[in-house]
Amino acid sequence: QIDDLAEVDYSLSSLPAVFRPFIDLDLKGVVFPAGNYTDSPYVPASFTIPDQSDSMLHLAFSEYFFQTSSFAYYTAGAFNMTIAEETCSYFNINTEIFGSIIPEVAKYSVTPYPVMLKLMATEIPVISLEQDSFTVEIQGSMEVLAVLPDSTTQSLFTMNIAANTSISLNIFDQKLMGSLCLNR
């Protein structure tokens with residue numbers, strides 16, 4: 001079990017190959033929703049690790065591992081979140097801010113009200129491995145709601161979101177560091 005949402009099956013995909021300087025151990029890592037071992041819609045592709053005899057340990061993760069992870073977390077609802085009034089008030093996000101950008105919101109909400117944001121992935125995020133980084137494509141929607149004085153909410157608008165990000169990992173001073181770039 002990875003967490004409350006997902007589990008991993010890391011069974012051997014072949015018998016270990018023992019050579020004089022090393023052991024080659026192939027594991028097939030499949031991530032699935034917790035308590036719901038379902039077949040993945042993805043097909044694993046074989047890959048090879050470049051020969052580097054100067055390292056003590058090599059770990060490699062395939063696109064298949066990341067694709068099944070994305071599928072499991074999407075199925076479990078991990079990509080759906082609500083950013084509540086407390087967080088929005090910390091950043092001072094209210095209907096007045098949206099009213100200055102979207103005139104229809106200004107017409108509807110004369111009094112500034114706090115807002116709540118509901119974010120939801122509408123498709124399974126796509127993860128692709130590249131030479132020095134990996135990309136994540138996310139399709140989703142965001143609903144913006146005004147929180148009225150009686151604690152009820154009123155939907156202001158919904159927008160569709162398509163994001164494509166690149167993430168590259170590097171090791172600096174013996175620490176794994178990542179950099180995130182929004183491509184579009």
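Checking side-chain atoms of Ser70 against main-chain N and O of Pro125 turns up a donor-acceptor pair under 3.5 Å. Glu63 places a side-chain N or O within 3.5 Å of a backbone atom of Leu129 that can act as its donor or acceptor partner.
Taking 4.5 Å as the limit, some side-chain heavy atom of Val30 sits within range of a side-chain heavy atom of Tyr64. By the 4.5 Å heavy-atom criterion applied to side chains, Ile124 and Tyr42 are counted as neighbours.
Residues meeting the ring pair (Phe, Tyr, Trp, His ring centres under 6.0 Å) test with Phe66, sequence neighbours left out: Phe134. Phe157 pairs by the ring pair (Phe, Tyr, Trp, His ring centres under 6.0 Å) definition with Phe98, not counting sequence neighbours. Among residues two or more places apart in sequence or in another chain, the side-chain hydrogen bond (donor to acceptor under 3.5 Å, both in side chains) test is passed with Asp3 by Tyr73. Take Glu143 and apply the side-chain hydrogen bond (donor to acceptor under 3.5 Å, both in side chains) test, not counting sequence neighbours, and it matches Ser155. Applying the side chain to side chain contact (heavy atoms under 4.5 Å, CB included) criterion to Thr122, with sequence neighbours excluded, gives Gln139, Ser141.
A continuous path of ILVMFWY side-chain contacts below 4.5 Å connects Val31 to Ile127, so both sit in one hydrophobic cluster. Linking ILVMFWY side-chain heavy atoms closer than 4.5 Å, directly or via other members, places Val144 and Met159 in a single hydrophobic cluster.
The CD1 atom of Ile83 sits 11.0 Å away from the CE atom of Met116 when rounded to the nearest 0.5 Å. Rounded to the nearest 0.5 angstrom, Leu117 CG and Leu145 CG are separated by 8.5 Å.
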Less than 3.5 Å apart, which donor and acceptor atoms pair up between the side chains of residues 171-179 and the rest of the protein, not counting sequence neighbours?
| residue | atom | partner | partner atom | Å |
| --- | --- | --- | --- | --- |
| Ser179 | OG | Ser168 | OG | 2.8 |

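What you find for Ala121 and Tyr74 is that their closest heavy atoms are O-CE1, 3.5 Å. The two residues Asn183 and Thr165 make their nearest non-hydrogen contact at ND2-C, 3.7 Å.
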